Amino acid sequence: MSDSQKESFARSSIRIYGRLLGYVKPYWLPFAVSIFGFMIFASSQPAMAGMLKYFVDGLTEGASAQFLGVPLIWGFPLFIILIAVYQGIGSFLGNYYIARVSLGVVHDLRTALFDNLLTLPNRYFDNNNSGHLVSRVTFNVTMVTGAATDAIKVVFREGMTVLFLFGYLLWMNWKLTLVLIAVLPLIGLLVNSTSKKFRKQSKKIQTAMGDVTHVTSETITGYRVVRSFGGETYESDRFEKASENNRLRGLKMVRTGAVFTPTLQLVTYGAMAGVMFLVLFLRGDATAGDLVAYITAAGMLPKPIRQLSEVSANIQKGIAAAESIFEQLDEEPEKDTGSIERDRISGRIEVKNLSFHYPETDKVVLQDINFAVEPGQMVALVGRSGSGKSTLANLIPRFYSHDEGEILLDGVEVEQYRLRNLRRHIALVTQHVTLFNDTVANNIAYGDLAGAPREAIIEAAEAAYAREFIEELPQGFDTLVGENGVLLSGGQRQRLAIARALLRDAPILILDEATSALDTESERHIQAALDRVMEGRTALVIAHRLSTIEKADIIMVMDKGQIVERGSHAELIAQNGYYARLHSMQFQDEKPVV
Ligand code: ATP
Ligand code: MG
């Protein structure tokens, strides 16, 4: 490590720890109580050693010896009990209140992290895999607990113990004690160099842990594919590798610690040996009791010093974890600079000269798109897979922000709406349906709609042609649908998603392949229902099956990010272009079925 790197390491540690301490601020009172407790605890330590002085001196004096004003034989045991009580109170206050602080901090951090997830732009989720995000909320946060609870506890308790012991030793014999103090810088150097290793290794362990979570969650969610394609060996190998990597990194970290501790012991015991030698050599006029007390107090030093220096591993783990937590917290949230809020919009969509590419790629996904939809009209987007239909649909609720061109809702650029308000006006059924592990009713009435009256939910289900199957479920609308609705069929899931969108009662309805998993009959029913709900609403419908969009006011055919044809069904058929070809192909496909 170069000097500048060293400096930045130290600076970043301090900055991160400082920021972590910022989270401690609200808990200053329990924090103060716990420090007070540890102070009590630590101050009892030299008392134990000091007591021995009276014990040994008393032994040499014989039966006349007094302690605390009573004969030694009573005074001494009584003192031990008193010290134990005193120490116990200190220990309780210290441990309990520091736990209140650190568990509070962890809770706050975890909540901040989770709430932050809710504000991050889509791009962040595109670029980070969910296993690592999950592992950050679960694993990394507990690493911070390590730094916050154990480390702070040890630092205060043992740190103060060391201070009190040194104080006592200096008071007993300052010259001898200087010998002990002389080794402190050496210990400092040792701790410092090991800390750096710990921190680096700890970061790698976190990544390794993220990999383990990632492979596990991917296999769990994709278990059907894993089994049907015989992916067991592949997944097992992948997991084995991730876990093995984790094991090796863990071992490396333990090795660093295992080398460090005995080295440190050697240094402290070396200092002790020197002191012993000097004590014996320069005995002078000290009593046996003085010497025993001094040696005992000095002998109590290595343990807290060792604990103090070992805690640096915990602190480094915590700092490394906090670093990745703060990195996420510092991610820029979804841009929400707009200020316009409307109670209701009419639903006019106008797109002008819109071009778009996904952030961090140069491939142009949409190119010079122009169209306008009047309120109540239905626009259909058709075109080859990958031609940019979903992308266009995703730009309207601003899941990604566009730089070139304009998207206007009721004449106002979407960027100028406040995000939440903008999205309130749009009901969206995405290509990949998402359901939550909750009841059917709560899945339909989700988010802003939570708490909608039961009649409204049933009505929406009816319109989505879902009521019939829902009522056949064991608990009807109160049936749990399982994770992402695994207990339902694909078409049933789609109908729930449509019901959710219908319940939203928004002026703009976007359906991205919303009926692709339905049979012809359900689709026809939903089509009829949609025709009804689409009245007075603007609808943007993406469909591969052309039969669903024949009635659209405008059909736009997309290819490679451009609109290559547009018009009504009849016009496009008459044009005899791409759409007409597509149509005749599907017509042929459907023929044998009839
Ligand atoms: P389909 O009919 O298969 O749903 P589509 O017309 O909806 O296709 P899009 O999903 O809009 O196609 O994708 C258009 C292009 O953008 C594709 O080439 C795809 O690779 C790319 N793309 C889609 N999503 C992202 C993303 N989040 N990041 C980067 N590129 C993306
Ligand atoms: Mg799509």
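FYI, side chains are in, hydrogens and waters are out, and symmetry mates aren't considered; it's all heavy atoms of this structure. Bear in mind the structure is a predicted one, so any value in this text is a computation, not a measurement. When a ligand or atom number is given, it counts from 1 through the structure's own listing order.
Looking at H569, E374, Q377 one by one, the single match for side-chain contact (heavy atoms from CB on, under 4.5 Å) with D553 turns out to be Q377.
Salt bridge status for D330 with R19: present, with a side-chain N to carboxylate O gap under 4.0 Å. Between R238 and D211 there is no salt bridge, since none of the side-chain N atoms of the basic residue sits less than 4.0 Å from a carboxylate O of the acidic one. Salt bridge present: E334 and R423 bring a charged side-chain N and a carboxylate O closer than 4.0 Å.
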Begin from the C-alpha positions of E360 and N127 and carry the test side chain to side chain donor-acceptor pair (under 3.5 Å) through to its verdict. CA-CA 10 Å; E360 284 132 41; N127 297 343; 2.6 Å; yes
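Each of D126, Y358, K363, V365, R384, S385, G386, S387, G388, K389, S390, T391, Y400, Q431, H544 has a non-hydrogen atom positioned under 4.0 Å from some atom of ligand 1.
Here the side chain of D512 pairs no donor or acceptor atom with the backbone of V429 at under 3.5 angstrom.
Contact check for R199 versus S202: no side-chain heavy atoms found under the 4.5 Å cut-off.
Using bins of under 30°, 30° to 60° and over 60° for the plane-to-plane angle, the ring pair F356/Y358 lands in the perpendicular bin.
Cation-pi geometry between R566 and F371 is not met at under 6.0 angstrom from the ring centre and within 45 degrees of the axis.
Note on the Mg ion (ligand 2): protein N/O/S atoms under 2.8 Å are S390 OG, Q431 OE1.
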